[in-house]
Amino acid sequence: MSVDREAVKAAPKDERKLRSDTITTGRFATLLLVAVSVLVSLVLLELACRVLLSGPGSLTHWPNLARERMGTGPDVARIRCQYAFDAEIGWTSPPGCVSRTYNVDADGFRRTSPKSALAEPPVLVTGSSFAKGDEVKDDETWPADLQSLTGRKVVNAGVSGYAFDQSALSTERLVPKVKPLFVVMSFTPGDIRRSELKVAWSREKPHFTETGGKLALHNVPVPGQPNAPVPLPEPARWLGRFALADLIVQRLGLQRGWYFDEVRGAPAGSGEAIVCLLMPRLAALGVPVVVMAQYSREYWTQSAARRDADRRSVDKVMGCASGAGLIPFDLARPMQSVVDAKGVDALYRSDHHSAEGNRIVAGLVLQELERLKLISKTDAR
C-alpha cells in the first residue's frame, strides 16, 4: 500500500492550525464575555445610582449632569437659577427665578420658608455653596434653619462656586443694601485656593494679586456677557450624562479638568496672603462679621497630610481675621465630634451637607452667636 507522504507532512500543520484557531476563538469568546459582563455591570450600577440619588424619574431624564453643575446648557430656566453673569463679581444668583432645584427671591437671595413677624434687622449670610446650601431644598439650608431657631430674618446670599475674594466683594456690596445686624461669611479651604484664580469653574472672575503687602484688583469688569455658553472639557461632554461617572468624580475629587477648567491669576500659594489682606476691608464695613470655616465631605475622607494642609491654611486665615477685629469661628472642632458619632454619610450628600448636617451646623452657629452675645437666648425660639 502506498503512502501519501505529503498528506502525512501536512497533517500535523493542519492540526496545529486547528488548535491555534480553537485557542484564538476561545480567547476571543472569553474577552467578549468579560466585556459584556463589564458593560452589563456598568449599566446596572448606573441605573441603581440614578434611582438611589435622584429617584425613579431619573431613569427617563438623562441631562448632562456636568452642564447642570456648571450652569450651562439647554435647561435655561433651571440654569438661570444657578448662575447669572455679573461684571463685578463674575456671577450671581439671578433674581426672581423659580426652579426645581432651588428658588431665588426678587433681590437675588435664596428663598426661605415664608414666616410672619420675623425680627429685623436681618442676619446676612454670604459665601459659596456651603452658605447657599447646595444639594438640599430651600428650607433645609443652615441659614433657613438658623432663621427658624432665632425668629430673626436671615438673608441667604450664598452663591455656588465663589472663591473667598468673590465672597468678600459680594459682602462689601450687600452690607449697605441689606443693613444687617451682623454678617456670617462662610468659606471652605478650597475657597482660599480659588482666590488665586482668574478663571474658576470655567468662568471668568475678578482676582487680586499681592505686592508689598498691598492688593491690586484685576479682571474687572469681568469679561463675558449674560447667557454666554460656558465650555466644558471633553470628558464632561462625553460622560457628563452618567450619574455613576458624576458620583465617582465627586467622591474622588477629580472635578478639575473633568467638568471645568481653571486659569491662574496669582502665584500658587498666594491665596492665604490675598485673603488675609481682605480682612481689613471686611472690618471696615461697620457691622460685626463672623468669618466661619466650613468643610466638605472630602475634608473628612482625604489623607491626613492633605487635611493637615487645609488646617494650616484655615488657621492662618482665622488668625488674620482675629487680627483685623473680625470674629473667627472654625467648625472643624465641633463638627469632628459629630462626625465621629454619626458618621460622614449622615451629615453629607455627595459633597455638601445633608438636611441633617445643615440642622447641626445651624445649631452650632446659634450656640456661637449666643456666646458672642450677637443673639440673646431670649430671642432664640
Side-chain angles (χ1 to χ4, degrees), residues 83 86 88-93 124-134 143 156-175 183-201 203-210 213-220 222 255-256 260 262-285 288-296 298-299 309-332 351-352:
Y83 301 104
D86 188 289
E88 295 180 355
I89 307 180
W91 60 88
T92 59
S93 296
L124 173 62
V125 173
T126 60
S128 56
S129 56
F130 276 81
K132 189 192 82 175
D134 272 10
N156 185 347
V159 178
S160 294
Y162 269 8
F164 192 103
D165 55 357
Q166 290 172 289
S167 294
L169 292 170
S170 175
T171 303
E172 287 182 325
R173 185 163 73 177
L174 290 174
V175 164
V183 177
V184 179
M185 180 175 160
S186 162
F187 75 96
T188 68
D191 297 350
I192 301 172
R193 182 191 64 81
R194 283 197 300 277
S195 293
E196 303 166 2
L197 304 178
K198 65 171 289 188
V199 174
W201 314 109
R203 287 180 167 82
E204 295 273 354
K205 62 177 282 292
H207 71 279
F208 292 90
T209 55
E210 180 269 333
K214 295 184 178 180
L215 289 178
L217 180 61
H218 308 275
N219 217 33
V220 176
V222 177
Q255 298 95 330
R256 218 166 20 251
F260 59 85
E262 294 180 343
V263 177
R264 185 170 298 285
S270 64
E272 294 169 9
I274 291 169
V275 167
C276 282
L277 288 172
L278 287 169
M279 297 301 181
R281 294 175 54 149
L282 294 171
L285 294 175
V289 178
V290 178
V291 180
M292 185 174 77
Q294 291 195 256
Y295 298 88
S296 68
E298 181 186 11
Y299 174 81
D310 283 346
R311 290 272 1 108
R312 289 191 297 271
S313 182
V314 170
D315 286 346
K316 181 175 180 179
V317 166
M318 290 305 198
C320 293
S322 179
L326 304 176
I327 305 167
F329 179 41
D330 190 350
L331 278 172
D351 193 50
H352 299 83

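Source: prediction; values computed, not measured. The first residue of the sequence shown is numbered 1, and numbering continues consecutively from there.
Annotation: side chain of V275 is not in contact with side chain of D165 (no heavy-atom distance under 4.5 Å). Taking the side chain as every heavy atom from C-beta outward, P328 and V291 never approach each other to under 4.5 Å. Within the 4.5 Å cutoff, no side-chain heavy atoms of Y162 are placed close to those of K205. Residues P189 and Y295 are in side-chain contact: their nearest non-hydrogen atoms beyond the backbone lie under 4.5 Å apart. Counting only heavy atoms from C-beta outward, the side chains of V184 and F329 never approach each other to under 4.5 Å. Put simply, the side chain of I89 does not reach to within 4.5 Å of the side chain of V222, judged on heavy atoms. F208 has its side chain out of reach of E196: every pair of non-hydrogen atoms, C-beta onward, lies at least 4.5 Å apart. Looking at heavy atoms from C-beta onward, R193 lies in side-chain contact with E262 at the 4.5 angstrom threshold.
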task: Decide yes or no on side chain to side chain contact (heavy atoms under 4.5 Å, CB included) for R203 and V199, but give the supporting numbers first.
output: CA-CA 5 Å; R203 287 180 167 82; V199 174; 5.7 Å; no
- prompt: Taking it one step at a time, do V183 and V290 satisfy side chain to side chain contact (heavy atoms under 4.5 Å, CB included)?
  reply: CA-CA 6 Å; V183 177; V290 178; over 6 Å; no
task: Start with the C-alpha gap between E298 and D351, add the side-chain angles, then the distance that decides, and say whether side chain to side chain contact (heavy atoms under 4.5 Å, CB included) holds.
output: CA-CA 7 Å; E298 181 186 11; D351 193 50; 4.3 Å; yes
Audit row: R173, T92, side chain to side chain contact (heavy atoms under 4.5 Å, CB included) steps and yes/no: CA-CA 12 Å; R173 185 163 73 177; T92 59; 3.6 Å; yes
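Minimum heavy-atom separation, M279 to V317: CE-CG1, 3.5 Å. Scanning all heavy atoms of the two residues, the minimum distance from S167 to G127 falls at OG-CA, 3.3 Å. Annotation for S195 and A163: closest pair N-CB, 3.7 Å, computed over non-hydrogen atoms. Nearest approach of G158 to A131, heavy atoms of both residues: CA-CB, 4.0 Å. Of all non-hydrogen atoms in L282 and V289, the two that sit nearest each other are O-CG2, 3.9 Å. The two residues P206 and L217 have their closest heavy-atom pair at CB-CD1, 4.1 Å.
Each of T188, D191, L331 was evaluated against F130; a single residue qualifies, T188, per the side chain to side chain contact (heavy atoms under 4.5 Å, CB included) test.
With no hydrogens or angles considered, no side-chain donor-acceptor pair links T126 and S170 at under 3.5 Å. For the residue pair T209 / H218, a side-chain donor-acceptor distance below 3.5 Å is found, with atom types taken as modelled. The closest side-chain donor-acceptor pair between S270 and E210, if any, does not fall under 3.5 angstrom. Side-chain atoms of H352 and S296 form no donor-acceptor pair, as typed in the model, at a separation below 3.5 Å.
To the nearest 0.5 Å, atoms CZ (R311) and NZ (K316) are separated by 15.0 Å. The distance from atom CG of L197 to atom CD of Q166, rounded to the nearest 0.5 Å, is 9.5 Å. Summarising the geometry, atom CG belonging to L277 is positioned 8.0 Å from atom SG belonging to C320; distances are rounded to the nearest 0.5 Å. Atom CE in M185 sits 11.5 Å away from atom CG in L174 (nearest 0.5 Å). With rounding to the nearest 0.5 angstrom, the CD atom of Q294 is 10.5 Å from the CG atom of D330.
Under a 3.5 Å cut-off, the side chain of S313 and the backbone N or O of A309 do not form any donor-acceptor pair. A donor-acceptor contact shorter than 3.5 Å links the side chain of W201 to the backbone of G161.
Using a cut-off of 4.0 Å between Lys/Arg side-chain N and Asp/Glu carboxylate O, D310 and R312 are scored as not salt-bridged.
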